[in-house]
Amino acid sequence: MPKAEAWNDEFTALAEQLLRGRLQGRYALQDASAAAKPGTLVVNIHVFIHYGNRGLRYAGVGGTGGVDSTLTAVDAASGEVQLRAHSLSDLTMGLFGGDMKSTIRDNLRKLMSDSGL
């Protein structure tokens, strides 16, 4: 499996774990494929990752990477957006070109925190 696919799987699992951790005990959770009951919210997280170029960052001549994530909670019955949170992180420098995995993790944690969930 290519590295990007493995990272996608890793960060999908992290986003789900963080979201469930914030909601569990306060809300009833159900699989998205279950029939929507009145008052059900569907939560989507979209993450755009631009890896940039670590070698250029290390050399200090560009190669900026970044993470742009959005959490949206939509009423399942009406489709009306009930909540939207956004987090933007960049990786411009860092030891040996910086740690993109750490930047992605921090971005997802900030997104959950900023969402107010």
Side-chain angles (χ1 to χ4, degrees):
M1 175 184 302
K3 185 177 182 178
E5 288 181 31
W7 280 23
N8 286 342
D9 292 344
E10 178 182 341
F11 294 119
T12 296
L14 175 63
E16 183 176 343
Q17 174 189 12
L18 291 170
L19 183 61
R20 285 184 179 277
R22 293 189 79 75
L23 299 178
Q24 219 154 13
R26 298 184 334 180
Y27 301 97
L29 301 178
Q30 65 184 37
D31 190 276
S33 63
K37 297 176 184 170
T40 300
L41 295 178
V42 176
V43 178
N44 291 303
I45 300 172
H46 295 274
V47 181
F48 176 77
I49 302 168
H50 175 70
Y51 291 98
N53 185 306
R54 187 177 201 167
L56 291 176
R57 284 193 305 272
Y58 179 68
V61 293
T64 301
V67 184
D68 185 351
S69 60
T70 304
L71 181 148
T72 308
V74 178
D75 182 278
S78 69
E80 184 178 325
V81 174
Q82 300 294 312
L83 172 90
R84 180 172 283 131
H86 182 251
S87 180
L88 184 62
S89 303
D90 70 353
L91 181 62
T92 54
M93 292 297 279
L95 186 62
F96 301 110
D99 183 358
M100 194 62 183
K101 287 180 84 169
S102 178
T103 300
I104 297 167
R105 282 188 205 101
D106 291 347
N107 177 277
L108 290 172
R109 288 185 183 104
K110 184 177 183 313
L111 177 68
M112 295 300 162
S113 176
D114 290 353
S115 74
L117 291 175

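Residue indices begin at 1 and follow the sequence shown. As the structure is a computational prediction, the values presented were derived from the model and not from experiment.
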request  = Assess whether side chain to side chain donor-acceptor pair (under 3.5 Å) is satisfied between Ser87 and Asn107, documenting all intermediate values.
outcome  = CA-CA 6 Å; Ser87 180; Asn107 177 277; 3.2 Å; yes

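- Using modelled atom types, one finds no donor on one side chain facing an acceptor on the other under 3.5 Å when comparing His46 with Asp68.
- In this structure, CG in Leu18 is found 14.0 Å from NZ in Lys110, a value given to the nearest 0.5 Å.
- Proximity of Leu71 to Met112: side-chain heavy atoms (C-beta onward) are separated by under 4.5 Å at one or more points.
- Here the closest heavy-atom approach between residue Leu83 and residue Ser115 is recorded as CD1-O, 3.4 Å.
- Side-chain atoms of Arg105 never come within 3.5 Å of backbone atoms of Leu14 as a donor-acceptor pair (strictly under, hydrogens ignored).
- Hydrophobic clustering, with ILVMFWY side chains joined whenever heavy atoms are under 4.5 angstrom apart, keeps Leu19 apart from Val42.
- The CG atom of Leu111 lies 12.5 Å from the CG atom of Asp106; values are rounded to the nearest 0.5 Å.
- Distance CH2/Trp7 to CD1/Ile49: 8.0 Å, rounded to 0.5 Å.
- Closest approach of Leu108 to Phe11, counting heavy atoms only: CD1-O, 3.9 Å.
- Here the shortest heavy-atom pairing between Asp114 and His86 reads OD2-O, 4.3 Å.
- To the nearest 0.5 Å, atoms CZ (Arg109) and CZ (Arg22) are separated by 12.0 Å.
- Under a cut-off of 6.0 angstrom, the local environment of CZ in Arg26 is crowded, with over 12 non-hydrogen atoms contributed by other residues, nucleotides or ligands.
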